Amino acid sequence: MYFDRSNGFPKDFLWGSASAAYQIEGAWNEDGKGPSNWDQFVRIPGKTFKATTGDKAVDHYHRYKEDVALMAEMGLKTYRFSISWPRIIPDGNGEINEKGLQFYDDLINELVKYGIVPMVTVYHWDMPQALEEQYHGWESRRIVDDFVRYAKVLFERYSDRVKHWIIMNEQNVFTGLGWNAGMHPPGKVDDQKMFYQVNHHAFMAHAKSVIALKEICPDAKVGSSFAYTPSYAFDRKPENAMAKMDYDDLNNFYWMDMYAYGRYPRATAAYLKSKDLTPVMEDGDEDILREAAGLIDFMGVNYYQSCVVEHNPIDGVGTTHEMNTTGKKGTAKVQGVPGLYKNPANEFLPTTDWDWTIDPMGLRMCCRQITSRYDLPIVISENGLGAFDKFEDGEIHDPYRIDYLKHHIEELKKACDDGCRVLAYCTWSYTDLLSWLNGYQKRYGFVYVDREEDENSGTLNRYKKDSYYWYKHVIETNGEEL
């Protein structure tokens with residue numbers, strides 16, 4: 001839509017930034033914490049860039065007060081962080097670790113002290129390794145009750161101060177990379193049947209947790225965060241437009257429809273049935289999923305890139321399960337599903353060194369699609385640029401990050417003018433951190449952390465990048481001066 005003037009961002013807009021426990025905390029075996037699936041997975045040779053781990057990460061566990069003070073100096077309105085399940089319940093379903101609970105009490109209290117709204121993610125991929133050993137984790141229906149017990153422990157402990165909750169982070173990513181691509185725990189490849197069953201278990205864990213939270217704290221705001229990659233049809237050919245519909249149903253709406261409606265898209269359900277991939281559901285599941293869908297308050301969106309969709313013949317390109325984790329630009333390969341679609345590069349858009357398309361307007365499209373399809377408020381729970389940053393004489397000049405965020409915020413403002421109810425914008429990430437498979441060289445933060453891939457490298461000291469000061473001014477002007 002075109003408007004003669006912009007109304008800007010809402011006066012109570014939450015300007016924020018985000019992180020995840022495994023990627024920043026370190027202290028992987030301290031104060032009673034149990035090992036996670038990621039603690040185990042990163043020790044498999046070849047799984048991560050230069051065998052990097054989160055053992056130390058950026059030591060947020062011991063430096064959280066310093067980090068929160070930097071957030072307060074910036075004027076951050078909200079901080080989204082995740083809680084480590086194995087830090088709270090080391091074996092996943094046994095005794096509760098009071099020292100783990102106390103750490104997050106201290107972090108939340110520190111945020112509240114500075115007037116920063118805590119936004120808590122219940123699950124950001126670090127499952128207790130003990131549950132993998134007990135019953136193969138998400139592959140077993142047993143995990144639903146264990147997850148809900150864990151979630152209720154958090155709700156009962158923190159909901160007096162935490163009013164914004166995200167149950168699942170990027171369910172589509174941890175299941176897709178875990179059971180199809182073999183790149184995340186448990187490292188399985190093309191296990192399609194289990195992929196859909198695992199997702200059903202995760203949907204049930206999400207739904208039952210939403211219901212439990214509303215019983216414990218009715219005024220809490222809750223949703224889950226979806227890694228949304230909006231798509232463009234390759235050209236005007238009808239078969240490519242249909243390929244786009246197939247892509248969206250299988251890769252986007254499969255998750256968001258369940259969060260918002262409590263059901264799967266009909267075309268996807270029909271396709272899964274034809275392939276004998278329909279997940280097993282128990283009596284009452286559909287009622288629980290619909291009940292939870294009626295209770296969520298927002299759709300969480302993690303947005304990084306868009307994609308192009310083209311029809312893929314039945315003898316066309318498949319999936320190689322390869323990803324650019326090195327930062328060597330141009331090494332990504334075209335992937336696809338024979339008979340449905342493939343995802344060629346978009347020659348009209350630039351890319352990052354990791355071959356992710358840079359498409360600010362795609363963020364606006366995400367918001368418009370969610371508003372039209374679900375009529376839900378939106379939390380942008382992640383958006384940011386991973387790049388090689390240079391530390392020179394105590395300074396980090398990152399105009400490329402400022403440019404990236406500036407253009408995305410401009411499009412987000414247009415989405416607000418379009419009528420989208422955007423509640424918050426959280427950049428990824430606040431400090432530099434472990435970028436999962438990509439090591440520490442792929443930096444996202446406003447705050448540079450002095451460390452490299454080697455666990456003994458660097459001082460872990462924090463340094464403000466140019467983007468830190470820029471975002472501070474953005475917050476001060478409520479997005480009016482970019």
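Keep in mind that this is a model prediction, so the values were computed, not measured.
In this structure, a donor-acceptor pair under 3.5 Å is present between the side chains of T331 and N324. Judged purely by distance below 3.5 Å, without hydrogens or angles, the side chains of H321 and D190 pair a donor atom with an acceptor atom. Looking at Q134 and N93, their side chains do bring a donor and an acceptor atom within 3.5 Å of each other. Counting only N and O atoms by type, the side chains of S17 and T427 include a donor and acceptor under 3.5 Å apart. Y247 and N252 form no side-chain donor-acceptor contact under 3.5 Å, judged by distance and modelled atom types alone. For the residue pair T121/N169, the side-chain donor-acceptor check at 3.5 Å is not satisfied. Under 3.5 Å, the side chains of Y61 and D31 contain a donor-acceptor pair of N or O atoms. In summary, the side chains of Y341 and N251 do present a donor paired with an acceptor at a separation below 3.5 Å, with no hydrogens or angles considered. Side-chain contact, H200 with D285: a donor N or O sits under 3.5 Å from an acceptor N or O. Inspection of the S36 and D126 side chains reveals no N or O donor paired with an N or O acceptor under 3.5 Å.
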Derivation and outcome, side chain to side chain donor-acceptor pair (under 3.5 Å), residues T229 and Q305 = CA-CA 6 Å; T229 302; Q305 61 179 326; 5.3 Å; no

Applying salt bridge (charged side-chain N to carboxylate O under 4.0 Å, His left out), run through D105 and R161 and close with a yes or a no.
-> CA-CA 10 Å; D105 260 327; R161 288 152 291 161; 2.8 Å; yes

Tell me, with the steps shown, if T325 and N438 meet side chain to side chain donor-acceptor pair (under 3.5 Å).
-> CA-CA 5 Å; T325 62; N438 307 290; 4.9 Å; no

Would you sort out whether T175 and N199 count as a side chain to side chain donor-acceptor pair (under 3.5 Å), showing the intermediate values?
-> CA-CA 7 Å; T175 57; N199 268 287; 3.1 Å; yes

Applying ring-ring contact (aromatic ring centres under 6.0 Å, His included), run through Y404 and H408 and close with a yes or a no.
-> CA-CA 6 Å; Y404 178 98; H408 281 76; 4.1 Å; yes

Dump the intermediate steps for side chain to side chain donor-acceptor pair (under 3.5 Å) on Y425 and N383, then the final yes or no.
-> CA-CA 8 Å; Y425 174 75; N383 175 236; 2.7 Å; yes

For M204 and R141, what are the C-alpha separation, side-chain angles and deciding distance, and is it a side chain to side chain contact (heavy atoms under 4.5 Å, CB included)?
-> CA-CA 9 Å; M204 292 305 300; R141 176 78 184 211; 3.9 Å; yes

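Among F174, W179, F195, W125, the single residue meeting the ring-ring contact (aromatic ring centres under 6.0 Å, His included) criterion with H184 is W125. Just one of Y150, Y22, W138 meets the ring-ring contact (aromatic ring centres under 6.0 Å, His included) condition when paired with Y123; it is W138.
For an aromatic pair to be called close, the ring centres must be under 6.0 Å apart, and Y64 with F103 satisfies this. Remark: aromatic rings of Y264 and Y271 are distant, center separation not under 6.0 Å.
We find that R373 and D257 are joined by a salt bridge, their nearest charged nitrogen and carboxylate oxygen being less than 4.0 Å apart. We find that K99 and E30 are not joined by a salt bridge, their nearest charged nitrogen and carboxylate oxygen being 4.0 Å or further apart. Taking a cutoff of 4.0 Å between a charged side-chain nitrogen and a carboxylate oxygen, K56 and D59 do not qualify as a salt bridge. With respect to R421 and D375, a salt bridge is recorded, a charged nitrogen being found less than 4.0 Å from a carboxylate O. The pair K244-E239 does not meet the salt-bridge criterion, since no charged nitrogen lies less than 4.0 angstrom from a carboxylate oxygen. In this structure, D55 pairs ionically with R43, as a charged nitrogen and a carboxylate oxygen lie closer than 4.0 Å.
Not a single donor-acceptor pair under 3.5 Å links the side chain of S429 to the backbone N or O of S19. A donor-acceptor pair under 3.5 Å is absent between the side-chain atoms of K333 and the main chain of E322, judged by distance alone. A donor-acceptor pair is defined here as one N or O able to donate and one able to accept, closer than 3.5 Å; such a pair exists between the side chain of T352 and the backbone of W354. In terms of modelled atom types and a separation under 3.5 Å, the side chain of T371 and the main chain of C367 share a donor-acceptor contact. In this structure, N240 contributes its side chain and H311 its backbone to a donor-acceptor pair below 3.5 Å. Looking at S372, its side chain never comes within 3.5 Å of a backbone N or O of Q369 through a donor-acceptor pair.
Between W38 and F41, the angle of the ring planes goes over 60°, which puts this pair in the perpendicular group of the 30/60° scheme. A perpendicular orientation is assigned to the rings of F253 and Y374, their planes being inclined by more than 60° (bins at 30° and 60°). Classified by interplanar angle (parallel below 30°, tilted 30° to 60°, perpendicular above 60°), the ring pair Y444/Y304 is perpendicular.
Residues Y196 and L272 are in side-chain contact: their nearest non-hydrogen atoms beyond the backbone lie under 4.5 Å apart. With a 4.5 Å cut-off on side-chain heavy atoms, D432 and Y440 do not count as touching. In this structure the side chain of T53 never reaches within 4.5 angstrom of the side chain of W28, judged on heavy atoms. With a 4.5 Å cut-off on side-chain heavy atoms, W85 and L131 count as touching. Looking at heavy atoms from C-beta onward, M258 lies in side-chain contact with L289 at the 4.5 angstrom threshold. Side-chain contact between M127 and N37 is present, with at least one heavy-atom pair separated by less than 4.5 Å. Looking only at side-chain heavy atoms (C-beta outward), N312 and V317 come within less than 4.5 Å of each other. Proximity of I296 to H206: side-chain heavy atoms (C-beta onward) are separated by under 4.5 Å at one or more points.
Both tests hold for K442 against W356: distance to the six-membered ring centre under 6.0 Å, angle to the ring axis within 45°. Geometrically, R80 does not engage W15 in a cation-pi contact defined by less than 6.0 Å to the ring centre and at most 45° from the axis.
Nearest heavy atom pair, residue Y158 against residue G100, reads OH-O, 4.4 Å. The two residues W428 and A20 have their closest heavy-atom pair at CH2-N, 3.7 Å.
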